[in-house]
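We use all heavy atoms of the structure for the numbers below, so side chains are in, but hydrogens, waters and symmetry mates are not.
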Amino acid sequence: MEFALLIYGDEKRWTNASEQERRETYAQHERFMKMLQDRGAIRGGAELAATSAARTIRHGDADLSVTDGPFAETAEQLGGFYLIEAADIDEAVALGKELPAGVVEVRPLVPTPESGT
């Protein structure tokens, strides 16, 4: 089964982090990625740009609106994700616990006929 590990954190904290703190966080993510690669569990992933770079599209009954910024104002923002392969949600949660920081939402991907999963 495929799962998304959605990583949430406080953008302001990351913006205010020292260069050393950032290097340490990236090193932790590199170790996490290596562990996933060694298990054959990684399918993809990426760090996302700050919410200030986002645009939100809202579909109304008769029109579309586009606004600057994220979908919702929250204390924690989606900062990145990993797409992984795991036997079940319990294994995906176990892998997600290895991430270095933040809040991690583990969400199954919906199988599609094309993916065969």
Side-chain angles (χ1 to χ4, degrees):
M1 295 179 64
E2 292 182 313
F3 296 87
L5 303 180
L6 306 171
I7 306 163
Y8 293 87
D10 182 348
E11 252 180 19
K12 292 177 188 141
R13 187 172 178 198
W14 180 249
T15 300
N16 295 325
S18 70
E19 191 59 35
Q20 179 63 29
E21 290 170 321
R22 287 173 183 244
R23 277 195 300 272
E24 289 171 7
T25 299
Y26 283 127
Q28 290 171 332
H29 279 279
E30 287 175 20
R31 287 191 294 275
F32 181 73
M33 179 71 85
K34 173 86 168 83
M35 181 268 296
L36 292 175
Q37 289 171 336
D38 290 348
R39 289 172 160 241
I42 189 68
R43 297 294 178 264
E47 179 180 358
L48 300 176
T51 57
S52 61
R55 301 293 181 270
T56 299
I57 302 166
R58 286 185 172 77
H59 292 264
D61 289 336
D63 61 340
L64 293 173
S65 67
V66 179
T67 55
D68 291 343
F71 168 69
E73 294 295 324
T74 61
E76 296 170 329
Q77 296 77 35
L78 180 62
F81 64 95
Y82 288 94
L83 295 177
I84 65 165
E85 179 76 25
D88 55 33
I89 190 123
D90 294 327
E91 182 182 8
V93 168
L95 291 170
K97 287 179 178 179
E98 299 296 321
L99 278 161
V103 173
V104 179
E105 178 181 351
V106 179
R107 191 181 298 185
L109 273 62
V110 174
T112 63
E114 297 83 35
S115 70
T117 58

Does one hydrophobic cluster hold both [X] and [Y], with members joined at side-chain heavy-atom distances below 4.5 Å?
| X | Y | result |
| --- | --- | --- |
| V103 | W14 | no |
| L36 | V104 | yes |
| V106 | I42 | yes |

Between the side chain of E85 and the main-chain N/O of M1, is any donor-acceptor distance below 3.5 Å? yes
May I ask you to decide if A17's main-chain N or O and E21's side chain share a donor-acceptor pair within less than 3.5 Å? no
Between [X] and [Y], what is the shortest heavy-atom contact and its length?
| X | Y | answer |
| --- | --- | --- |
| F3 | D88 | CZ-C, 3.4 Å |
| A92 | L5 | O-CD2, 3.9 Å |
| I7 | H29 | CD1-CE1, 4.0 Å |

Can you tell me how far the [atom1] atom of [X] sits from the [atom2] atom of [Y], to the nearest 0.5 Å?
| X | Y | atom1 | atom2 | result |
| --- | --- | --- | --- | --- |
| N16 | R22 | CG | CZ | 8.5 Å |
| L48 | Q77 | CG | CD | 11.5 Å |
| E2 | R107 | CD | CZ | 15.0 Å |
| T15 | D10 | OG1 | CG | 8.5 Å |

Step-by-step side chain to side chain contact (heavy atoms under 4.5 Å, CB included) determination, M35 to L95: CA-CA 9 Å; M35 181 268 296; L95 291 170; 3.8 Å; yes
Heavy atoms from other residues, nucleotides or ligands near CZ of R23 exceed 12 (cutoff 6.0 Å): yes
Can you pull the side chain to side chain donor-acceptor pair (under 3.5 Å) pairs that have at least one residue in residues 31-41, sequence neighbours excluded? K34-D38
Going by side chain to side chain donor-acceptor pair (under 3.5 Å), name the pairs with one or both residues in residues 44-54, residues two or more places apart or in two chains. E11-T51, Y26-E47
K12: which residues meet the salt bridge (Lys or Arg N to Asp or Glu O under 4.0 Å) condition with it, sequence neighbours left out? none
Are any of the side-chain heavy atoms of D68 and R55 separated by less than 4.5 Å? yes
Excluding sequence neighbours, so at least two apart, what forms side-chain contact (heavy atoms from CB on, under 4.5 Å) with L83? A4, R43, F81, L109
Sorted by chain and number, sequence neighbours left out, side-chain contact (heavy atoms from CB on, under 4.5 Å) with A54 holds for none
Applying ring pair (Phe, Tyr, Trp, His ring centres under 6.0 Å) to Y8 and not counting sequence neighbours gives none
Would you tell me whether E24 and Q28 have side-chain atoms, one donor and one acceptor, within less than 3.5 Å of each other? no
